[in-house]
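A quick write-up on the structure given underneath.
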Amino acid sequence: MNKINWNFNNTYFNLSKSFKEDINPIPVENPQLILFNTELATSLDLDFSKVSTKELSKIFSGNLLPEGSNSIAQAYAGHQFGHFTMLGDGRAVLIGEHTTKSNKKYDIQFKGSGKTAFSRNGDGRAALGPMLREYIISEAMNALKIPTTRSLAVVKTGEDIIREKNLQGAILTRVASSHIRVGTFQYIAARQKDDELKTLLNYTIKRHYPEIINSENKVLELLKLLLNKQCSLVVNWMRVGFVHGVMNTDNMTVSGETIDYGPCAFMDTYDPKTVFSSIDQMGRYAYCNQPVITKWNLARFAECLIPLIDKDEKKAVKIASQVIDSFEKIYEDKWINMMREKLGIFNSDGRDKYLILDLLTWMHKKKADYTNTFCHLMKFDFHKNNIFMDNEFIDWKKRWLTRLSNEERLPEKSLEIMRKANPLIIPRNHKVEEALLAAEENDLEPIKNLLKVLNTPYTNTNNISNYQLSSNSNEKYVTYCGT
Ligand code: AMP
Ligand code: MG
């Protein structure tokens, strides 16, 4: 398999037993390749052009392990809906870390690959629908220029898995700059062994934040860097109307990439309380709560670092709290600047906040489509919508245009930044469902068309009107956990 150019250098595998279990993926009966991401493979300097579909199916099911791989299941813990649990890869294995020619390292992980020591009562398997869903949404997020894990392949296993009804089993190959989570720190911190915690800290810094390796106070630097990264990430989610759905601490990376696309979805009509997940009855992870939860998760991360911040616990807590308390101001600044970009505004004016909030309030009141309202402002209306004839909106628009006329830059420049901030296309729920249903029936055309359209969300204006409308159905969209 040398022709593929795998270049494994498995540093996590070399950590002690406390961090992982050494385990191979469990072979499957009849693997069949469903999706393969050639573009991603190429960007990883991998060449599968001489590999047959049959061999690809074997490779991406785990039936044929690449030379140099060392499979492990990673240990981690997590606060799930606020409750702390010891977890770990219960249905995934990391087969290794592939290094590209430009010396970038990527985890190659199989999700749905069979039982591990962390499976608890689960079967270690995943269903086709949720794996395809992760493929679609993660690739859409990447095209939206939002940090995320990627999807390289989906293979059907040829085995049924038992849920409420029998479902087709599948394995997703996930590519990530690492799978270290806030929950990984929680797992190691719970073991109360300072040497292990230091190992994880140094490993994380070396892998993700090498710029602070020699810092005098690298623990605090790491906390600040992650706070900034996660803050930017959640601002990006807010920008495109993304609702993650399960922001448990085990689903928050220390790399700052979006991870674990379970019951996530994009908001159509603007409503801050939007929740899609069937299990989120209290709205803990609703659209508007995502920044608050990000801060909460970061506080859990900070708790893990306490023993390394200062020997005096009280002092350490005080120092860490100061960093966590900086979240609101950093978030608000990033959020308002992001919203300014959505409206084509360059310089800042204290009244911008009111201009922005008044638009959002109007959208909420009139049940306007979040994405399409900004498309309208950019004069990219693919469908006539009388909602924009509303007097209140017309008045708001006048204020906005006056605000833009105060800018020193040309109107074209405003449109330029708006076009970078406002997607014309998001993965509409009904389009995702339509594609998944067809794929379950072996018709891959809708999913391939959808992936193509989602690949250029800011620039493509051809034949996309079909993908721009929200569902006609008045039924509330509900997503289910991908187990
Ligand atoms: P997730 O909902 O994918 O974030 O998973 C939460 C935890 O449950 C992780 O530790 C998973 O490994 C575990 N898990 C989810 N589904 C299964 C399954 N089918 N079998 C074993 N473990 C699972
Ligand atoms: Mg998870």
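Computed from a prediction, not measured in an experiment: that's the story for all the values here.
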Please examine the side chains of [Y] and [X], heavy atoms only from C-beta on, and report whether any two atoms are closer than 4.5 Å.
X	Y	value
Ile180	Phe185	yes
Arg428	Thr371	yes
Ile146	Val240	yes
Ile23	Ser71	no
Phe327	Cys231	yes
Arg150	Asn37	yes
Met141	Asn236	no
Cys375	Asn422	no

Gap between atom [atom2] of [Y] and atom [atom1] of [X] - 0.5 Å precision:
X	Y	atom1	atom2	result
Ser470	Phe266	OG	CZ	14.5 Å
Glu434	Tyr467	CD	OH	7.5 Å
Thr479	Glu433	OG1	CD	9.0 Å
Ile26	Lys115	CD1	NZ	9.0 Å
His179	Glu97	NE2	CD	11.0 Å
Ser151	Leu172	OG	CG	4.5 Å

Say whether, by atom type as modelled, one donor and one acceptor occur between the side chain of [X] and the main chain of [Y] under 3.5 angstrom.
X	Y	result
His98	Asn7	yes
Ser177	Tyr106	no
Gln468	Leu424	yes
Ser119	Gly90	yes
Asp280	Phe276	no

*Distance under 6.0 Å and angle within 45° of ring axis: Arg409 vs Phe346*: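 Flagged: Arg409 positioned over aromatic ring of Phe346.
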
*Cation-pi geometry met for Lys20 and Phe13 (6.0 Å, 45°)*: yes

Flag yes if more than 12 heavy atoms outside [X] fall under 6.0 Å of its [atom1] atom; otherwise flag no.
X	atom1	result
Glu39	CD	no
Asn463	CG	no
Glu332	CD	no
Lys105	NZ	yes
Lys145	NZ	no

_Aromatic contact between Phe84 and His79, with the criterion being ring centroids under 6.0 Å apart: yes or no?_
yes

*Examine Tyr76 together with Tyr187 and report whether their ring centres are nearer than 6.0 Å.*
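Not close enough - the centres of the two rings lie 6.0 Å or further apart.
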
*Working for side chain to side chain donor-acceptor pair (under 3.5 Å), residues Tyr203 and Thr11*: CA-CA 9 Å; Tyr203 181 95; Thr11 54; 2.7 Å; yes

*What are the two closest heavy atoms between Lys111 and Ala92, and how far apart are they?*
CA-CB, 4.1 Å

*Start with the C-alpha distance between Thr294 and Gln230, add both sets of side-chain angles, then the distance that settles side chain to side chain donor-acceptor pair (under 3.5 Å), and finish with yes or no.*
CA-CA 7 Å; Thr294 301; Gln230 286 293 343; 5.5 Å; no

*Mind jotting down which residue pairs meet the salt bridge (Lys or Arg N to Asp or Glu O under 4.0 Å) criterion with at least one end in residues 224-248? Sequence neighbours excluded, please.*
none

*Before giving the answer on ring pair (Phe, Tyr, Trp, His ring centres under 6.0 Å), spell out for Phe81 and Tyr285 the whole-Å C-alpha distance, their side-chain angles and the decisive distance to 0.1 Å.*
CA-CA 9 Å; Phe81 288 89; Tyr285 299 139; 4.9 Å; yes

Under 3.5 Å, is there a donor on one side chain and an acceptor on the other for [X] and [Y]?
X	Y	value
Asn337	Arg340	yes
His208	Ser178	yes
Lys58	Asn63	no
Gln109	Thr173	no
Glu257	Thr149	no
Gln168	Asp160	no
Arg125	Thr157	no
Asp45	Asn5	no

Tell me which donor-acceptor pairs under 3.5 Å the side chains of residues 27-34 have, and how far apart each pair is, sequence neighbours excluded?
none

Under 3.5 Å, sequence neighbours excluded: what are the donor-acceptor pairs made by side chains of residues 212-219?
| residue | atom | partner | partner atom | Å |
| --- | --- | --- | --- | --- |
| Lys218 | NZ | Asn202 | OD1 | 3.2 |

*asked:* Arg300 vs Asp250, test: salt bridge (Lys or Arg N to Asp or Glu O under 4.0 Å). Steps then yes/no.
replied: CA-CA 11 Å; Arg300 304 291 75 75; Asp250 50 305; over 6 Å; no

Atom pairs and distances, donor-acceptor, side-chain atoms in residues 435-453, under 3.5 Å, two or more places apart:
| residue | atom | partner | partner atom | Å |
| --- | --- | --- | --- | --- |
| Asn442 | OD1 | Lys156 | NZ | 2.8 |
| Asp443 | OD1 | Glu445 | N | 3.1 |
| Asn449 | ND2 | Glu445 | O | 3.4 |

*Evaluate the criterion salt bridge (Lys or Arg N to Asp or Glu O under 4.0 Å) for residue pair Arg191 and Glu196; output intermediate values, then yes/no.*
CA-CA 8 Å; Arg191 292 169 54 83; Glu196 288 181 358; 2.7 Å; yes

_Going by the rule salt bridge (Lys or Arg N to Asp or Glu O under 4.0 Å), which residues pair with Glu416 if we only count those two or more places apart in sequence or in a different chain?_
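If we apply the salt bridge (Lys or Arg N to Asp or Glu O under 4.0 Å) test to Glu416, skipping adjacent residues, the hits are Lys413.
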
*asked:* Set out, in order, the CA-CA distance, both residues' side-chain angles and the distance that settles side chain to side chain donor-acceptor pair (under 3.5 Å) for Lys334 and Ser232, then state yes or no.
replied: CA-CA 7 Å; Lys334 283 187 197 283; Ser232 299; 3.1 Å; yes

*Which ring pair (Phe, Tyr, Trp, His ring centres under 6.0 Å) pairs, counting each pair once, include a residue from residues 27-57, with sequence neighbours left out?*
Trp6-Phe48, Phe36-Phe48, Phe36-Phe60, Phe48-Phe60

_Taking Lys329 first and then Asp333, would you say they form a salt bridge - that is, a charged N and a carboxylate O separated by under 4.0 Å?_
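A salt bridge links Lys329 with Asp333.
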
*Could you check Asp107 against Tyr12 for side chain to side chain donor-acceptor pair (under 3.5 Å), going step by step and ending with a plain yes or no?*
CA-CA 10 Å; Asp107 275 9; Tyr12 213 87; over 6 Å; no

